[in-house]
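Structure, as structure tokens:
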Amino acid sequence: MDYKRIITHVFNEITSGENLGQVSAYIPELAEKSPDKFGVYLTSLNHLEIGMGDHQEKFSIQSIAKVFSLTMAYKMLGEKIWERLGVEPSGTAFNSLVQLETDKGIPRNPFINAGALVICDILISQLKNPKAEFLAFVREITGNKKLSYSEKIAASEKATGYRNVALCNFIKSFGNIENAPEVVTDFYFHLCSIEMTCEELSKAFLYLANGGKTFDGNNPVITTSQAKRINAIMQTCGFYDESGEFTFKVGLPGKSGIGGGIIAIHPGKYSIGVWSPCLNAKGNSYRGMKFLEQFTTETRLSIF
Ligand code: GLN
């Protein structure tokens with residue numbers, strides 16, 4: 001498979017096409033990014049690495065970090081975590097409150113904000129020093145010691161994250177948050193604030209392409225079954241109410257963030273990080289989705 005030729009061709013086509021949507025204005029730090037930024041990086045299990053465009057510029061990974069927190073909680077507690085949240089697509093926006101009332105505070109899945117907050121609560125109850133231990137875990141599984149939180153972005157989210165505060169308090173009213181809401185949201189805002197490049201993103205997620213083992217050294221991060229299940233949840237819930245569309249067009253497990261990043265995984269083959277800050281109405285990167293759609297079409301490789 002000539003990945004390099006296909007990536008170059010698709011990248012150039014997408015760059016010369018439309019760039020629809022809006023850069024997220026959720027916090028000023030996200031709004032600052034130029035809409036024209038566009039980077040792609042692929043790392044394959046047979047040691048191929050291909051980067052294009054702004055693949056070495058850091059951006060805020062936002063909701064992509066929810067995959068790391070799920071990985072850590074799942075590793076520590078196993079199937080027990082599913083007593084506190086589900087694995088069903090919500091069909092609602094990432095920050096929606098609506099289903100929680102009828103679902104009695106049990107979020108539909110770990111990738112909507114409600115579910116990610118419950119995962120944060122689980123980790124806080126398990127860890128002595130949640131922020132430091134979570135960062136150490138992410139550094140270890142990604143093999144990247146340089147990763148860190150952006151205190152500036154975390155503070156900015158804290159100052160404006162009213163919906164997340166509402167979600168956390170609402171879930172607590174049903175008894176599905178054990179810790180103080182301000183502690184849970186502080187941890188959540190920190191994990192969303194991690195900054196990475198497309199290259200780092202693509203390498204970080206190789207454990208999900210590699211059956212739950214680290215790429216360098218084949219050390220188990222999670223079991224093969226857990227890796228399969230996390231990929232399955234990414235497939236069905238990774239893009240909120242656009243998860244069906246992403247599956248339909250791209251056909252790979254993936255996760256997006258409102259910083260404009262997307263990680264997509266071909267289990268057994270590769271992991272690809274894409275970044276373009278203009279978001280569509282569902283909060284997913286317009287060019288990122290377009291690129292991946294054309295990439296899996298031209299390679300004729302998807303999991304389907
Ligand atoms: N920090 C963002 C929020 O909580 C993450 C959302 C996202 O990336 N979709 O609203």
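Note that the structure is predicted; figures quoted are calculated from it, not measured. Each ligand, and each atom within it, is numbered from 1 in the order the structure gives. All residue numbers refer to positions in the sequence shown, counting from 1.
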Just distance, no hydrogens or angles: give the donor-acceptor pairs under 3.5 Å from side chains in residues 246-261, sequence neighbours left out.
unit_1, atom_1, unit_2, atom_2, d
Thr247, OG1, Gln235, O, 3.1
Thr247, OG1, Gln235, NE2, 2.8
Thr247, OG1, Ser243, O, 3.0
Lys249, NZ, Glu245, OE2, 2.8
Lys255, NZ, Gly238, O, 2.9
Lys255, NZ, Tyr240, OH, 2.9
Ser256, OG, Asn284, OD1, 2.6

Under the side-chain hydrogen bond (donor to acceptor under 3.5 Å, both in side chains) test, which residues partner Tyr3, sequence neighbours left out? none

List the steps, then state whether salt bridge (charged side-chain N to carboxylate O under 4.0 Å, His left out) holds for Asp121 with Lys172. CA-CA 10 Å; Asp121 184 60; Lys172 189 163 175 83; over 6 Å; no

Which donor-acceptor pairs under 3.5 Å do side chains of residues 194-212 form with protein atoms, sequence neighbours excluded?
unit_1, atom_1, unit_2, atom_2, d
Thr197, OG1, Glu199, N, 3.3
Thr197, OG1, Glu200, N, 2.9
Glu199, OE1, Gln56, NE2, 3.1
Glu199, OE2, Lys203, NZ, 2.8
Glu200, OE1, Lys58, NZ, 2.9
Glu200, OE1, Thr197, N, 2.9
Glu200, OE2, Lys58, NZ, 3.2
Glu200, OE2, Asn144, ND2, 3.2
Ser202, OG, Thr43, N, 3.3
Ser202, OG, Thr43, OG1, 2.5
Ser202, OG, Ser271, O, 3.3
Lys203, NZ, Glu49, OE1, 3.0
Tyr207, OH, Thr71, OG1, 2.8
Asn210, ND2, Lys213, O, 3.2
Asn210, ND2, Thr214, O, 3.2
Asn210, ND2, Asn218, OD1, 3.2

One pair to check against side-chain contact (heavy atoms from CB on, under 4.5 Å): Phe239 and Lys282. What are the steps and the verdict? CA-CA 8 Å; Phe239 293 75; Lys282 310 275 176 156; over 6 Å; no

Is there any protein N/O under 3.5 Å from an N/O of ligand 1, and what does the full list of such pairs look like?
unit_1, atom_1, unit_2, atom_2, d
ligand 1, 1 (N), Gln62, OE1, 2.6
ligand 1, 1 (N), Glu157, OE1, 2.8
ligand 1, 1 (N), Glu157, OE2, 3.0
ligand 1, 4 (O), Asn113, ND2, 3.0
ligand 1, 4 (O), Asn164, ND2, 2.9
ligand 1, 4 (O), Tyr188, OH, 2.6
ligand 1, 8 (O), Ser63, N, 3.1
ligand 1, 8 (O), Ser63, OG, 2.7
ligand 1, 8 (O), Ile258, N, 2.8
ligand 1, 9 (N), Ser63, OG, 3.0
ligand 1, 9 (N), Tyr240, OH, 3.1
ligand 1, 10 (O), Tyr26, OH, 3.4
ligand 1, 10 (O), Asn113, ND2, 3.3

Please tell me if the side chains of Phe291 and Ile262 come closer than 4.5 Å, counting only heavy atoms from C-beta onward. no

